[in-house]
Amino acid sequence: TTGGSTGGGDWDGTILVGTTDKVTTLDPAGSYDNGSLTVQTQVFPYLVNTDYNSTEVVPDLAETAEFTSPTEYTVTLPAGLKWANGHDLTSSDVKFSFDRNIAIADPNGASSLLYNLDSVETPDDTTVVFHLKTENDQIFPLILTSFPGAIVDEEVFSADAVTPDEDIVAANAFGGPYMITSYDFNNTIQYEPNPNYAGLLPAAENKTVIQTVFADSSNLKLAVQEGDIDVAYRSLSPTDLDDLAGNSDVQVIDGPGGEIRYMVFNFDTMPFGAKTAEADPAKAQAVRQAMAALLDRQAIADQVYKGTYTPLFSVVPDGFFGATQPFLDKYGDGSGGPDADQAAKILADAGIQTPVSLSIQYNSDDHYGPSSGDEYAMVKDQLEADGLFTVDLQSTEWVQYSKDRTTDVYPIYQLGWFPDYSDADNYLSPFFQEDNFLGNHFSDAEVQDLIRQQAVETDESARQAEIEQIQDRMSDLISTLPLLQGAQVAVAGADVNGVVLDASFKFRYAPVVKG
Amino acid sequence: MGVRARLGRLPVIRQVRQSVGLQRGMLVAGLVITGVFAILAIFAPLLAPYGFNQLKGDDGVSFGAQDPPSLAHPFGTTVGGYDVLSRVIWGSQTAFFVIAVAIVLSIFAGVLLGLVSGYLGGWLDRVLVVIADAVYAFPTLLLAIVAAIVISHGQSNLVGGVFAAAISITVVFIPQYFRVIRAEAVRVKAEAFVESAKVIGASTWRVMFRHVLRNSTRTLPLILTLNASEAILTLAALGFLGFGIEPTSAAEWGYDLNRSISDVTSGIWWTSIFPGAAIVLIVLGLTLIGESLNDLADPRLRTRRRSSDAAGDDGAADDDIEVVPGGAIDADAPADRERA
Amino acid sequence: MSDVVEIRDLHVDFATDAGTVPAVDGVSLSVAPGEVLAVVGESGSGKTVTSRAIIGLLPETASTRGAILLRGTDVVPLSGAALRRVRGTDAAMVFQEPSAALNPVYPVGWQIAEGLRAHRRLSRAEARRIAIDYLDRVGIPEPESRIDHYPHQFSGGQKQRVVIAMALALEPELIIADEPTTALDVTVQAEILDLLRRIRDEFGTAVLLITHNMGVVADLADRVAVMLDGHLIEQGPVGEIFAAPREAYTRELLGAVPRVGARTSAQRRPDPSPETADVVRAQNLVIEYPGRFTRPAFRAVDGVDLRIRAGEVVGLVGESGSGKTTIGRAIAGLTPVTSGSLTVFDHEMIGTSERAFRPLRSRIGFVFQDPSTSFNPLLTIAQCVAEPLVVHGRARDPRSARERVDELLEAVQLPAAFGDRYPHELSGGQRQRASLARALALDPELLIADEPTSALDVSVQARVLELFSELQERFGFACLFISHDLAVVDLLADRIAVLYRGELVEEGRSEQVLQSPQHPYTQRLLASLPVPDPVEQAQRRSALAALGDGAA
Amino acid sequence: MTAATVPAAPAAPSAPRRRPRPAGGSLGRYILVRFLLIFPTVFILVTLVFLFMRTTGDPITAALGGRLPADQLAERIHEAGYDRPLIVQYVEYLGHVFTGDFGRTLTDNQLVTDVLFRYGGATLELALYALLVAFAVGIPLGMLAAYFRDRWPDAVFRVFAILCYATPVFFAGLVLKLVFAVWLGVLPSSGRAGPRNEIALGRLENPTGVYLIDAIRLGDPAILGDVLQHAVLPAIALGLLTAGIFLRLVRTNVIGTFAMPYVDAARSRGVSEYRLVRRHAWKPALIPIITVIGLQVALLLGGAVLTETTFEWKGLGFELAQYLQARDFVAVQGIVALLAVIVAVVNFLVDIAAALIDPRVRY
Ligand SMILES: Nc1ncnc2c1ncn2[C@@H]1O[C@H](COP(=O)(O)OP(=O)(O)OP(=O)(O)O)[C@@H](O)[C@H]1O
Ligand SMILES: Nc1ncnc2c1ncn2[C@@H]1O[C@H](COP(=O)(O)OP(=O)(O)OP(=O)(O)O)[C@@H](O)[C@H]1O
Ligand SMILES: [Mg+2]
Ligand SMILES: [Mg+2]
């Protein structure tokens with residue numbers, strides 16, 4: 001499908017977006033990564049969504065969306081919806097989308113997020129009923145705004161396999177604010193507004209968007225600096241951002257970030273861990289707390305990340321519903337700085353001989369950005385500064401790292417997290433529930449109860465209290481030691497307006513205009 | 001023969017004496033540059049103002065990141081807050097260490113395989129040659145990357161990291177040594193002195209190690225220097241692509257260059273220019289030596305000028321080398337490839 | 001009549017790693033039109049350097065003093081275009097290795113034409129016509145088509161003809177021929193010498209012939225100049241020099257030249273008694289070299305019957321590529337036998353394994369052609385000579401074998417002190433003696449000598465051959481003596497076998513084969529051999545011409 | 001360049017002359033044998049890469065190792081079949097390849113053949129530009145260096161050559177970028193064309209992937225200019241590396257052939273020095289140079305990985321590095337197979353070219 005004109009003067013309203021996020025595939029059933037999600041957000045409809053600068057889940061494609069019983073989430077669609085290619089968009093497409101996602105269960109897909117979905121029922125063309133496994137799941141609507149929530153055209157997509165990008169583009173099977181009019185895999189994507197889009201969000205204000213994938217952030221930086229592109233979104237290096245901040249040709253736009261960086265403790269193998277020779281849970285906890293007292297997160301954020309990350313003082317990042325900062329109050333000098341005396345005291349009270357030897361592992365090949373090495377060099381430096389710890393810092397390449405970390409090879413190690421949906425729960429359930437992905441042998445009945453409870457709590461303030469309680473307890477137990485929270489940053493030309501970075505963590509192209 | 005004469009037969013020293021004019025100039029320049037780096041490597045703990053992974057001075061104040069060159073940090077500091085000068089100096093230690101390990105390993109493996117393959121021939125030879133050729137024809141950098149992934153499996157402490165890099169480079173070099181030694185072995189095995197050992201009734205092993213091996217290694221010093229420079233480039237490339245040694249394990253120039261990519265686009269030049277220049281210089285030094293040795297070993301390329309020094313060698317060295325032309329030309333091949 | 005070239009007090013020095021080396025030291029000589037001047041002398045005496053100086057072809061490391069008048073102009077100070085004008089037209093050069101003197105990637109016609117067009121304005125077609133004409137004159141058949149062939153498509157003799165045609169095409173006054181036949185077989189050599197003589201006669205070209213072969217000199221030269229260590233020690237008409245050499249060195253040089261029939265019948269030994277055991281017996285011996293890929297195998301030896309009895313010296317002759325070396329190597333177990341039968345000390349070599357044969361090796365000695373490569377350059381002479389003793393357990397290590405090594409060195413007339421030297425520190429003749437010592441270390445019953453003297457100067461060759469026959473007398477080993485030179489074989493062999501293209505064409509007692517050869521090939525071989533006597537050689541030449549079919 | 005085709009070492013000059021090898025072995029058979037050798041080469045490399053890749057992990061762990069619990073990860077790996085015995089997977093893979101099915105990439109669901117085609121063109125284009133630079137710089141300077149042998153221009157050219165290949169491509173790239181893109185701002189720093197032009201080029205029916213050709217087909221001089229501008233820095237960075245090697249090689253070989261007796265022979269016939277260089281030394285010197293150019297292909301491809309990374313030139317090498325990191329072995333094997341085929345074919349062509357130039361080579 002070629003179309004549109006290539007004439008020179010026609011580019012005026014075009015917005016050029018650059019990113020370093022690669023696209024795995026256009027098909028929502030086959031991807032679980034930010035690059036793909038950014039594209040899918042523009043071109044596929046979602047039943048519910050969050051409006052700009054809001055975290056409240058509201059109907060998008062849907063007319064209404066609500067719990068009609070504790071295990072039934074019912075969505076009604078307006079009549080007469082169309083895909084960009086003219087096919088009818090009905091409840092059948094919706095059911096098809098979720099059923100295929102679960103059926104395909106692609107290794108690269110996010111079908112695992114639909115863990116609570118039992119079945120989808122379509123009483124009529126405009127009604128969809130989601131039958132859930134547990135009652136009152138407050139998380140399910142949030143998941144519908146995210147990876148597995150995209151609705152696809154059942155006449156184009158395959159029911160049992162990931163559909164190739166070229167087929168999707170060729171069939172113009174889009175229903176979001178945009179449709180793709182030119183697609184060069186992992187190079188350029190051209191979007192034009194979808195005339196048939198009838199969702200919640202305002203229609204696109206620009207005529208054309210061209211998204212270019214850059215491999216290297218410094219090239220992205222030069223491109224935006226030179227005006228070759230209008231917006232650079234994810235991921236400019238701290239150095240680049242620092243440099244651009246002083247450049248009047250561009251504007252640096254910040255938004256809340258959901259990305260966090262933290263250390264994980266293996267409760268079996270860390271010093272005094274359950275499987276070590278001198279196993280002692282209390283001493284192990286003292287070690288973790290002493291480490292927390294010695295960190296200077298601000299220094300790392302400033303030196304390594306030039307302010308693109310901010311200190312993180314809780315397992316739930318700042319800006320989320322219910323987030324608190326228990327680490328700030330409990331450890332260090334009270335204002336985020338380190339407190340060696342406190343650390344020494346914690347260790348001494350627990351009867352621990354200093355220095356304590358720690359082995360800390362981090363990932364070497366840019367999985368969490370190129371600055372991990374610098375970050376952990378500083379962590380090591382800070383922990384060793386007062387002679388309380390000696391740190392053996394090592395790194396491993398990603399695939400091996402992933403295997404090793406769940407097989408108890410690393411006593412203390414680095415991880416990062418980017419949320420699947422924007423809710424505090426996404427920082428709790430996956431981490432501290434029974435079968436959490438960390439697999440670090442942490443288990444605490446009280447925390448687990450609380451997590452289960454907040455997930456089905458329909459009363460907001462009660463839920464907030466529960467979430468705060470979990471954070472407080474985790475700051476004592478310290479299964480993970482939060483370090484930094486990332487901001488979303490976009491750099492745009494001085495004449496670009498409408499770049500909104502909000503807690504949805506989706507950069508939506510529709511409102512972006514030039515001039 | 002006297003000590004002096006014996007000394008004169010040592011590789012490199014002999015060539016320095018043998019060379020004249022421009023060729024001597026290039027050889028000596030190469031030796032000097034390489035020597036300076038060797039000194040930096042050996043005395044890095046004394047010469048470098050700070051440790052390679054040091055972030056704070058003795059006063060406990062951190063260096064700061066990307067500071068321009070100053071009195072305290074003559075080459076500035078890196079994005080990670082390391083002292084560039086220190087890392088450049090320590091980097092030479094890593095470079096030499098990796099070269100040494102890579103070359104020793106590949107020489108042992110390559111020479112043994114080449115010797116057996118070349119001397120014994122037969123199907124083993126054919127199989128090895130096809131494999132070596134296949135590997136040889138493949139972009140070595142990619143090979144090194146794959147090898148690095150396989151090898152860096154485990155943890156990357158100092159020794160592990162350096163060894164992983166060295167072994168990845170070894171994988172690349174083995175086919176080169178294999179080819180050179182095999183070609184030499186094939187040539188030498190047709191020489192009359194090998195046949196005369198055979199007609200005497202010497203066993204295969206005796207012929208192989210006493211007669212063939214030692215006469216097959218005359219091109220080694222030359223390939224060695226040329227490979228040494230290749231090893232540095234490969235190591236740097238691995239580091240640059242993020243498959244190399246970690247900054248806390250050792251200082252590595254390629255890694256520092258990798259980290260300086262975004263500095264360049266912000267006009268911060270000191271984090272890339274110094275480690276880059278270090279790579280260029282040491283490779284220049286080693287290549288100057290290698291090429292000079294190559295020229296001297298090749299009678300067609302050797303310059304002879306009217307000169308009255310260079311005595312004491314009674315033309316012996318001359319014959320000695322004149323037997324090599326095949327070898328010297330052969331040695332071009334590995335030298336000419338794979339500088340990535 | 002003025003001389004074509006006149007050299008006055010020529011000095012040439014070379015800068016080397018070991019300092020300045022004088023190569024030519026005060027040589028004066030001249031060549032008249034239509035005259036053939038032969039320059040003789042042993043290797044390194046400065047013959048090539050002198051001749052190359054005439055057209056300024058010395059490397060940059062050479063410095064030349066003196067005067068070389070080429071048709072009246074001194075070429076020593078010339079350079080650039082002036083020198084180029086002289087080259088080819090005034091004096092042209094014929095090189096020793098014809099295959100190296102031709103650029104492999106251009107057709108021969110192109111190369112001839114190139115020389116022509118460097119000096120004369122000629123159209124492509126004209127140059128081609130001239131090239132064809134000269135190829136025809138030097139006896140290349142079908143020159144019209146051969147002109148477009150590449151050098152590798154010609155045989156060695158033909159290549160040398162092409163090189164001569166190249167020189168002739170420029171119609172030079174003087175042709176410098178530096179060992180023009182050394183790389184060629186005697187039969188081919190005879191043809192080339194014939195060609196050179198015809199050129200001299202037809203074109204009146206002067207020829208400066210450089211050679212170390214006195215037979216060639218006797219065949220072709222009008223005058224002879226003898227060089228030694230860069231000096232010209234004697235010159236004169238060919239008859240005079242051969243008949244009454246003034247200088248001792250010249251006499252020695254002439255004396256050293258082996259001649260067919262030099263040994264009288266009295267000096268020859270009688271046949272060994274029929275009961276004497278056969279050391280080597282070959283019956284219908286076939287040896288093939290396997291072909292590569294799909295190429296058929298190459299049959300190097302084809303149905304040879306040969307026997308060597310104990311204590312007997314058998315000479316094996318034949319021209320290059322006839323399979324002499326192959327037979328020698330097969331006997332030594334270095335080359336596998338394809339079919340027929342070959343027994344060595346009653347051990348059948350077909351299908352034998354190295355392990356089974358190894359014990360017999362102590363009974364076989366081998367002397368290689370090139371003394372410089374047959375020693376491991378990293379071992380001392382003593383270590384090399386001791387090696388067979390160590391390998392066969394007669395000594396624990398080279399040190400303990402030293403006594404025996406000294407004895408052996410003495411036997412080959414080398415001072416024991418030479419044992420501590422490295423091979424490259426010996427001269428060619430000395431190295432070949434050491435090689436003999438090594439071959440004799442285990443008191444072998446059979447010695448295989450593959451052209452042991454062909455890399456040596458005649459005078460050195462004479463001494464090595466003398467030593468060889470002495471040792472044979474003393475130790476009484478049987479010997480297969482391989483050579484392409486009938487005269488050399490004649491000095492030593494009791495019996496002679498003649499190989500031609502892998503087949504044994506004639507075999508018999510030496511005097512019988514040499515005096516009344518039966519096979520036409522043997523006859524031609526004998527007749528082609530130039531003898532170092534101008535008078536006799538003139539007769540032999542006509543005899544060869546009578547044989548007729550010699551030409552290609 | 002396989003050893004089977006390397007002619008035996010020439011006999012020592014003092015050895016008696018050998019008859020020329022008996023005639024036989026046509027050029028046709030030589031070509032066939034050389035051609036057949038491509039297959040084992042490719043086969044060996046693909047096998048090696050398969051083994052290497054499979055011992056280093058799987059794409060699922062690479063993508064989701066930081067998100068999923070260990071048991072879920074294991075389940076996904078099991079479902080994808082990556083935990084079956086290697087040999088089974090290998091045979092299966094070979095089976096697919098034999099039927100011409102290279103499959104789809106594991107991590108981004110692209111047809112491998114598409115990937116090869118799309119990025120192959122880019123790499124080819126870059127390699128050709130680089131070769132162009134290398135020829136234009138390396139050969140004339142090499143001949144000059146040989147001509148001025150051991151005089152100062154020779155020294156200057158040689159040090160230049162060494163600097164060319166002592167400078168890693170990525171460092172050269174950084175410096176070029178620093179100077180021309182950051183400081184002077186005269187040339188684009190990355191990419192193969194501006195984003196708008198990329199779109200225009202992408203819309204072409206049946207794009208070749210070689211932007212130069214595509215841009216010419218579009219017929220828009222502005223786009224062509226843009227495409228050429230983008231090529232300048234990468235071509236110089238990669239080209240100079242190769243130029244250094246060519247320079248050295250040309251110099252050595254011209255000097256070497258200059259010492260051959262036939263050059264002396266031609267000189268003795270009064271042929272001019274200029275002609276000696278142009279006709280007698282150059283053509284025979286070309287043979288080893290051509291052979292080495294074959295080897296340069298491997299180098300160029302290796303260098304291309306770095307150049308492509310530095311300059312955002314989306315080609316095979318660049319993609320390969322990405323897929324390697326993602327453990328997408330289907331993609332990696334496909335690319336490696338293609339690279340191996342390219343190298344083998346180029347070497348094959350080079351051998352044929354050498355055989356055509358050198359009338360002696362006939363096997
Ligand atoms: N290029 C050179 N550099 C140094 N020395 C040389 C060179 N060419 C020749 N010589 C020396 O000059 C001397 C004379 O050499 P020349 O080649 O003239 O001898 P020749 O009589 O032709 O010997 P042959 O019979 O072996 O050809 C020898 O000692 C030789 O080593
Ligand atoms: N290794 C080999 N492979 C194939 N053919 C060979 C081999 N060695 C020798 N030949 C061929 O076998 C034939 C006989 O060779 P041989 O060496 O026995 O000849 P020769 O009589 O010793 O000659 P020369 O006088 O030149 O030494 C020649 O045509 C030669 O080309
Ligand atoms: Mg000579
Ligand atoms: Mg022979």
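Protein chains get the first letters and strands the later ones, always in sequence-line order, with residue 1 at the start of each.
- Of the two parts of D:Arg192, neither the backbone nor the side chain holds a non-hydrogen atom closer than 4.5 Å to a non-hydrogen atom of chain A.
- Within the 4.5 angstrom heavy-atom criterion, no atom of D:Thr105 approaches chain A.
- A:Tyr362 has its ring centre no less than 6.0 Å from the ring centre of A:Tyr413.
- Between A:Tyr368 and A:Trp417, the distance from one ring center to the other does not fall under 6.0 angstrom.
- Side-chain rings of A:Tyr262 and A:Phe431 approach one another, their centers coming within less than 6.0 Å.
- Listed by sequence position, A:Glu226, A:Asp228, A:Ile229 are the residues of residues 223-231 of chain A in contact with chain D, using a 4.5 angstrom heavy-atom cutoff.
- In this structure, the portion of D:Asp114 lying under 4.5 Å from any heavy atom of chain A is its side chain and not its backbone.
- The existence of a salt bridge linking D:Lys314 and D:Glu125 is excluded, since no basic side-chain nitrogen approaches an acidic carboxylate oxygen closer than 4.0 Å.
- The stretch residues 317-339 of chain D participates, sequence neighbours left out, in these ring pair (Phe, Tyr, Trp, His ring centres under 6.0 Å) pairs: D:Tyr82-D:Phe329.
- Checking side-chain atoms of D:Asp58 against main-chain N and O of D:Thr61 turns up a donor-acceptor pair under 3.5 Å.
- The candidate from A:Gly30, A:Ser218, A:Ser112 with the greatest count of non-hydrogen atom pairs under 4.5 Å with chain D is A:Ser112.
- Below 30°, between 30° and 60°, or above 60°: for D:Phe50 and D:Tyr90 the angle between ring planes is between 30° and 60°, a tilted geometry.
- For D:Leu106, the part sitting under 4.5 Å from any heavy atom of chain A is the backbone (N, CA, C, O) and nothing else.
- Of all the listed residues (A:Thr25, A:Val162, A:Asp27, A:Leu26), the one sharing the greatest number of non-hydrogen pairs under 4.5 Å with chain D is A:Val162.
- Side-chain contact annotation: D:Asp226 with D:Asn197, donor-acceptor N/O pair under 3.5 Å present.
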